[in-house]
Amino acid sequence: MVSWCAPLVAIATALGQFPTEQFGEVVPRDIREMYDRGLVYLAGSQSETGTWTGGQSGPGIDGMCVMTFLASGEDPNFGQYSGNVRKALRSMIQAQNAQTGYFGNSMYHHGFAMLAMAEAYGTVDDRQLWPAEQGSQRRSIGASLELAVRAAITSQKKNSYGGWRYSPDSDDADTSVSGAVLVGLLAARNAGIEVPDESIDRAISYYKSMTSDSGQVAYAGGMGGFDESIARISIGNLVYAIARRKELPQYKATLSYLTERIEQTGQDHYREYARYYQAQALFQGDVEAWEKWNKLLVRQLKETQKSDGSFPGQFGTAADTAMSLLALALNYRFLPIYER
């Protein structure tokens, strides 16, 4: 069970938020129990090397799993899951290309791994990250994050659209991969890492070109291919919000689209992926709408959580469990990227 005691309060104070601060009540017991069961599953299914396997795997999935532990409020240095966090971060850093900063597998993985490093930076103590015998591999979380940012910016400079695609050398772009990378860059900037304004501006311009007046967000290349993808609309809305572009008509259009369809939680083809972004977008844009949507989410996840604490889906048990828990994690609001 999550410990609601001094270590949690210290972390909450450092991040400037406490679960009771905005809504006047603690996280409901049924949500805490569901989340805790999920953490038990992730902790038990982690390999000795710090990774998660089965279905989709790689540094991006490992990063998502790290964020689920950080989001719970447990002390990441001395708490129940501190060992799991350290093992995963070590594995991710060791997998990162020391020259290019690329985390590998795809820019999806790079973006989510970069986001996890940004959320761990300043929270996880580097002095306890590496065992003494691994001194030659002691790249810090901050150094890893700076390398990851450099890799993302280098990739974007090669891209005529100003976004990202699967390969760091791709010249085309899509709004799904670009969202993973851009949120990672914005989190790194929020953590104090230098990210050029030009990089953010180019990426936002790409999203503007891909957003219709109705609020729908196209998938790949130039404008076109609009459909009712709650995942992409949520991604577009979220990057506008975190980049502090809420004055844009594209932001307002995507938010209207989402708030008028809050009952559509879990209806996308990739429902766990959609929920992960939809939770954040609604919370950033309209708290009342998020509260209504969150009740639907909790009800659905209660029905689908397995007895071992995992959640089923299309990406593999670790990935789908992590995304489901991170959708719930807005009830905790300990991750800096979840601050409004």
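Quick note: residue numbers are just sequence positions, from 1.
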Hey, any chance [X] and [Y] share a hydrophobic cluster, counting ILVMFWY side chains that come within less than 4.5 Å of each other, even indirectly?
| X | Y | value |
| --- | --- | --- |
| Tyr121 | Tyr338 | yes |
| Ile233 | Leu282 | yes |
| Leu147 | Ile153 | no |
| Val40 | Leu70 | yes |
| Leu258 | Met323 | yes |

**Message:** Enumerate the salt bridge (Lys or Arg N to Asp or Glu O under 4.0 Å) contacts for residues 300-321, please, sequence neighbours excluded, ordered by first and then second residue.
**Reply:** Asp30-Lys302
**Message:** To the closest 0.5 Å, what do you measure between CZ (Arg165) and CG (Asn159)?
**Reply:**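 If I round to the nearest 0.5 Å, the distance is 10.0 Å.
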**Prompt:** Quick one: OG on Ser324 to CG on Leu297, what's the gap to the nearest 0.5 Å?
**Reply:**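 If we round to the nearest 0.5 Å, Ser324:OG and Leu297:CG are 8.0 Å apart.
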Have [X] and [Y] got a donor and an acceptor in their side chains that come within less than 3.5 Å?
| X | Y | value |
| --- | --- | --- |
| Tyr240 | Thr211 | yes |
| Arg275 | Gln300 | yes |
| Ser57 | Thr53 | no |
| Gln128 | Asn77 | no |
| Gln96 | Ser144 | yes |
| Ser176 | Tyr273 | yes |

**Asked** Under 3.5 Å, side chain of Trp52 to main-chain N/O of Ala43, donor-acceptor pair present?
**Response**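 Looks like no, no N/O pair under 3.5 Å.
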**Message:** Would you say the ring centers of Phe112 and Phe103 fall short of 6.0 Å from each other?
**Reply:**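 No.
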**Request:** Using the six-membered ring of Tyr35, assess whether NZ or CZ of Arg37 lies under 6.0 Å from its centre and within 45 degrees of the ring axis.
**Result:** no
**Prompt:** Phe69: what forms a ring pair (Phe, Tyr, Trp, His ring centres under 6.0 Å) with it, not counting sequence neighbours?
**Reply:**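 Per chain and number, Phe69 pairs via ring pair (Phe, Tyr, Trp, His ring centres under 6.0 Å) with Tyr81.
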**Item:** Minimum heavy-atom distance Ile204-Ala243, with the two atoms named
**Value:**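 Nearest heavy atoms, Ile204 then Ala243: CD1-CB, 3.8 Å.
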**Request:** Kindly give the heavy-atom pair with the smallest separation between Glu272 and Gly313, and that separation in Å.
**Result:**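 Closest pair (atom of Glu272, atom of Gly313, distance): OE1-CA, 3.8 Å.
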**Message:** Determine whether Lys158 and Asp171 satisfy the following criterion, salt bridge (charged side-chain N to carboxylate O under 4.0 Å, His left out), listing intermediate values before the conclusion.
**Reply:** CA-CA 6 Å; Lys158 302 174 185 177; Asp171 185 52; over 6 Å; no
**Message:** If the condition is salt bridge (charged side-chain N to carboxylate O under 4.0 Å, His left out), which residues does Arg245 pass it with, not counting sequence neighbours?
**Reply:** Asp201
**Message:** Assess the residue pair Glu198 and Arg202 against the criterion (salt bridge (charged side-chain N to carboxylate O under 4.0 Å, His left out)); give the C-alpha distance rounded to whole Å, side-chain angles, the decisive distance to 0.1 Å, and a yes or no.
**Reply:** CA-CA 6 Å; Glu198 178 187 2; Arg202 284 193 71 210; 5.6 Å; no
